[in-house]
There are 2 protein chains.
Amino acid sequence: MHVEKLNQLIERYLSVSFFVTKKAAALVKCELDEEMTNDQYYLLRYMSKRGVCTSTELASAFMVNKSAITAMTNRLVDKGLMKRTRDENDRRVVYLTLTEQGDAWLKKTEERIHKLVESFIMKFSEQEIESFIETYEKLANILQELEEKA
Amino acid sequence: MHVEKLNQLIERYLSVSFFVTKKAAALVKCELDEEMTNDQYYLLRYMSKRGVCTSTELASAFMVNKSAITAMTNRLVDKGLMKRTRDENDRRVVYLTLTEQGDAWLKKTEERIHKLVESFIMKFSEQEIESFIETYEKLANILQELEEKA
DNA sequence: CCCGATATTTCAATTATTTAACTATTAAAT
DNA sequence: ATTTAATAGTTAAATAATTGAAATATCGGG
C-alpha cells in the first residue's frame with residue numbers, strides 16, 4: 001500500500017472511531033437511569049454474561065487495576081445491584097454476582113440498549129453489518145493475541 | 001431480517017465494540033508520556049486539526065459541558081501545551097490554541113500513534129480496511145444526523 | 001511453622017465530569 | 001438609551017473512575 005493512502009486510512013480510522021465511541025457513549029447514557037453510569041452498565045453486563053466473577057477477572061477484562069474494581073463494586077453494592085460472597089474453601093477469594101435487583105435492572109436496560117442499537121443497525125443491509133462486524137472481530141482478535149504474547 | 005439473527009448481531013456488536021474501545025484506549029495510553037492522558041491527547045489532536053477553537057465548540061465536539069472543557073483547558077495551560085487568547089471584538093469569546101510546545105508534543109505523539117495503528121491496519125487487505133472504514137463512516141453520519149434533527 | 005505468592009482492600013492523589021450559580025459582555029426590544 | 005435576553009466562559013461542590021503504593025488476610029510448599 002502507498003504510504004499516503006495508508007496515512008489517509010489511519011487518519012480516517014482515528015477520526016471515525018473517536019466520534020463513534022464518544023457518540024455511542026452519549027447515547028447509551030441517555031438510556032440509563034439518572035443515577036447509573038456507562039461503566040456501571042458495562043460492568044453489570046459483563047458480570048451477567050459470565051455469571052460469577054472475581055475482582056481479578058474483572059480487572060483484567062476491563063484493563064484496570066484491581067482497586068478500580070473494588071471502588072466500582074462498592075458503589076454497586078451500595079446501590080443494591082451487586083453482592084460479594086467469600087469463597088469458603090479459599091477465603092482470599094471474593095465472588096461477585098448480581099443481586100435480583102441488579103438482574104432486573106440489567107434486563108430492563110439491555111432491552112433499551114438493544115432497541116437503540118437496532119435502530120442504527122437496521123439502516124444497513126445484513127451483508128454490510130455482517131462484514132463490518134467480522135472485520136471488527138478480526139481486529140479484536142489481533143488485539144487480544146497481542147496481549148497474550150506480551 | 002430474523003429477530004434472532006438481528007439480536008445476535010447486536011450482541012456481537014456490543015461485545016466487540018466494548019472490547020476494542022477499551023483495548024485501543026489502553027494501547028494509546030502506552031504511547032503517551034506518563035503525565036498525559038488519552039483525553040488530553042484527543043483534545044490537542046482535535047484542536048490541532050481545527051486550528052483555533054472555542055470552549056463552546058470543543059464542548060460540542062466532545063459532547064461534554066463547557067465546564068469540563070474549562071477544567072481540561074486549565075490542566076493543559078498549566079502544562080504549557082495550550083493557551084487562551086481573548087477576542088478583541090467580542091470580549092466574551094476566548095480562543096484556544098496550541099502553544100509551540102503543544103504542537104511539538106502532538107507531532108511527536110501523532111507519529112507514535114500512527115505507527116501503532118499502522119501495525120494493526122497492515123494485517124488487513126486494503127479492500128477490507130476500506131470497506132470497514134466506509135461502513136464505520138456511514139454509521140458516524142447516521143449518528144451525526146440524529147444529533148442535528150434533535 | 002515460616003516464606004513467598006495470591007486476592008482483595010484501603011488510602012491519597014489526579015482526572016474527568018455534571019449541575020447550578022456567577023461574571024462579563026453583547027444584541028435586541030421597546 | 002436603557003432594560004432585558006442571550007451568549008461565552010468560569011467557578012464551585014459533588015461524584016465517578018482511575019492509579020500506585022501500602023496494608024490485610026489467606027494459602028501452599030518446604
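As a basis for the values below, the full set of heavy atoms in this structure was taken, side chains included, without hydrogen atoms, waters or symmetry mates. Labels below follow one simple rule: chain letters A, B, ... track the order of the sequence lines, proteins then strands, and each chain is numbered from 1.
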Base-pairing assignment for dA1(D) (Watson-Crick or G-U wobble, both under 3.5 Å):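 dT30(C) - that is the nucleotide pairing with dA1(D), both distances being under 3.5 Å.
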
What ring-ring contact (aromatic ring centres under 6.0 Å, His included) pairs are there with at least one residue in [range], not counting sequence neighbours?
range: residues 49-95 of chain A; result: Y46(A)-F62(A), F62(A)-F18(B)
range: residues 64-92 of chain A; result: none
range: residues 103-125 of chain A; result: none

Of residues 86-98 of chain B, the positions that come close to DNA chain C - non-hydrogen atoms, cut-off under 4.0 Å: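 Heavy-atom cutoff 4.0 Å gives N89(B), D90(B), R91(B), R92(B).
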
Shortest non-hydrogen contact between N38(A) and A25(A), atoms and distance: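 Shortest heavy-atom contact: ND2-O, 2.9 Å.
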
Which residues pass the side chain to side chain contact (heavy atoms under 4.5 Å, CB included) test with K79(B), not counting sequence neighbours?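 Here the qualifying residues are M36(B), Q40(B), L81(B).
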
Results of side-chain hydrogen bond (donor to acceptor under 3.5 Å, both in side chains) for [X] - residues two or more places apart only:
X: K138(B); answer: E128(A)
X: E110(A); answer: Y41(A), R45(A)
X: R86(B); answer: none

At under 4.0 Å between heavy atoms, how does the protein contact nucleotides 11-23 of chain D? Give one character per nucleotide, 5' to 3', with B, S or -. BB---SBBBB---

Once salt bridge (Lys or Arg N to Asp or Glu O under 4.0 Å) is applied, do any residues pair with R75(B), and if so which ones, sequence neighbours excluded?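 Residues passing salt bridge (Lys or Arg N to Asp or Glu O under 4.0 Å) with R75(B): none at all.
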
Could you pull out all residues at least two apart from R112(B) that satisfy salt bridge (Lys or Arg N to Asp or Glu O under 4.0 Å)?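 None.
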
dA5(D) glycosidic torsion: syn (within 90° of 0) vs anti: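 dA5(D): syn glycosidic orientation.
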
Please find the earliest and latest nucleotides of DNA chain C, in the 5' to 3' direction, that have an atom within less than 4.0 Å of any heavy atom of chain B.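 Taking any atom under 4.0 Å from a heavy atom of chain B, the span is dT15(C) to dT26(C).
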
